[in-house]
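Take a look at the structure below.
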Amino acid sequence: MNARSSALPDFPWDLLEPAKAIAAAHPDGIVDLSVGTPVDSVPPAVRQALADSSDAPGYPLTAGSPALRAAITGWISRECHASGEFGVLPTIGSKELVAWLPALLGVGPRDVVVIPAVCYPTYEVGARLAGAEVIRSDSLTAVGPDRRVKMIWINSPSNPTGRVLPVEHLRKVVAWGRERGVVVVSDECYVSLGWESQPVSVLSDEVTGGDYTGVLAVHSLSKRSNLAGYRAGFVGGDPALVKELLAVRKHAGMIVPAPVQAAMVAALNDETHVAEQRARYAARRDTLRTALVKSGFEISHSEAGLYLWATRDEDCWATVDRLARRGILAAPGAFYGPSAARHVRIALTATDERVAAAADRLAEPF
């Protein structure tokens, strides 16, 4: 039996352990800005919905409860400005779907998956799990007329860069995919966190005009609602593709637990807690951005999302080391693609106290 893991890249976060040990030795403790894991409380109404649904002895629906499907549909219609008839499906967080989507849709050996030049590592992992080849490219022209391309990933706002794709670009990608029978998948997990520009969903009427053929959008409640620990995500778009995903996932037992489904309904039907969380991240972003710029960093893109994409124009591992010696842990750009090796990713997901500590440490001369 061949070990499937041998076909996968090294798990990035294992490589960060030495820097983490250095940062943890700081007299005032580590400020971990490397992983975008929420630190703020789950909204009370969401926790109550989870508790109220905890007596759930029976199997939940893979397709999601009627209430959850209605909540997802309503949210996409309102927040993504989508007026057409689209399919929806809850997922066990978004990473699970990203990793298995190519295989679930029949992508396999001799096929190609196109991913952004700088991107979330799991796009590549998903292609490799399906046995497909990966092309990193932000240019459709550079991809050329390769008939092996079966899927293309776009990510706006981007993880890690915070770049937002304009409507015109999204339209071109959708048109390109339809001309070639290529599935276009948009990772929109940070769509609620626009700062200097407003992200647009690929499902928006501005992009698709209500026709979702060949298009899927992936969303998560991890960031907007602090539900990373609940593993709560969903996908929406082309009804035929969603139907195919449901058919396979029913066989595979990929089911969101019933209490989590109820919690998702509560989270999707309330935007007040989202606005409150945005305000927290906005304040932390201002503090970190100001401190980074004053200490000699340049901030690239970062107009949306949960991160600051920063550089000192040196090898990213040298920057990681410099920060670690001040008790700050950042993610090296090399995790996100070969062309990102001179940047680091700084997450906004730390408490106000830890963010203030990071700002103080950044004031020390480099």
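When reading the values below, keep in mind they use all heavy atoms of this one structure, side chains included, and skip hydrogens, waters and symmetry mates.
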Return a table of donor-acceptor pairs under 3.5 angstrom between the side chains of residues 246-253 and protein atoms on other chains or two or more places apart.
residue	atom	partner	partner atom	Å
Arg249	NH1	Glu96	OE2	2.6
Arg249	NH2	Glu96	OE1	3.1
Arg249	NH2	Glu96	OE2	3.4

What donor-acceptor contacts under 3.5 angstrom involve side-chain atoms of residues 51-59, with partners at least two apart or in another chain?
residue	atom	partner	partner atom	Å
Asp52	OD1	Gln48	NE2	2.8
Ser53	OG	Ala49	O	3.2
Ser54	OG	Ala51	O	2.8

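A salt bridge is absent between Arg342 and Asp315: the closest approach of a Lys/Arg side-chain nitrogen to an acidic carboxylate oxygen does not fall below 4.0 angstrom.
Across Ile299, Thr161, Val293, Val344, a single residue satisfies side-chain contact (heavy atoms from CB on, under 4.5 Å) together with Leu308, and that is Ile299. A side-chain contact (heavy atoms from CB on, under 4.5 Å) with Val235 holds for exactly one of Leu216, Ile72, Val98, Leu101; it is Leu216.
Remark: side-chain polar atoms of Asn269 are paired, donor with acceptor, to backbone N or O of Val265 under 3.5 angstrom.
The six-membered or imidazole ring of Phe234 lies near that of Trp75, with a centre-to-centre distance under 6.0 Å. Annotation: Trp195 is not in aromatic contact with Tyr281 [ring centroid separation under 6.0 Å not met].
Counting heavy atoms from C-beta outward, Val31 and Leu329 have side chains that stay 4.5 Å or more apart. Using a 4.5 Å heavy-atom threshold, the side chains of Val191 and Glu79 count as separate. With a 4.5 Å cut-off on side-chain heavy atoms, Leu323 and Arg361 do not count as touching. Side-chain contact between Leu221 and Tyr230: absent, with no pair of heavy atoms (C-beta onward) separated by less than 4.5 Å. Counting heavy atoms from C-beta outward, His219 and Arg224 have side chains that stay 4.5 Å or more apart.
Not counting sequence neighbours, Arg345 has no partner by the salt bridge (Lys or Arg N to Asp or Glu O under 4.0 Å) test. Under the salt bridge (Lys or Arg N to Asp or Glu O under 4.0 Å) criterion, Glu353 pairs with no residue at all, not counting sequence neighbours. Not counting sequence neighbours, Glu85 has no partner by the side chain to side chain contact (heavy atoms under 4.5 Å, CB included) test.
For the atom pair OG1 of Thr62 and CG of Leu245, the computed distance is 12.0 Å after rounding to the nearest 0.5 Å.
A donor-acceptor pair shorter than 3.5 Å cannot be found between the side chains of Ser139 and Ser137. Neither side chain, Asp313 nor Thr311, offers a donor N or O lying under 3.5 Å from an acceptor on the other. Counted by atom type alone, Tyr123 and Asp187 present one or more donor-acceptor pairs between their side chains at under 3.5 Å. Side-chain atoms of Asp205 and Ser83 form a donor-acceptor pair, as typed in the model, at a separation below 3.5 Å.
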*Check step by step if salt bridge (charged side-chain N to carboxylate O under 4.0 Å, His left out) holds for Arg128 and Glu124.*
CA-CA 6 Å; Arg128 291 196 184 190; Glu124 179 179 359; 2.6 Å; yes
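The stretch residues 290-302 participates, sequence neighbours left out, in these side-chain hydrogen bond (donor to acceptor under 3.5 Å, both in side chains) pairs: Ser300-His343.
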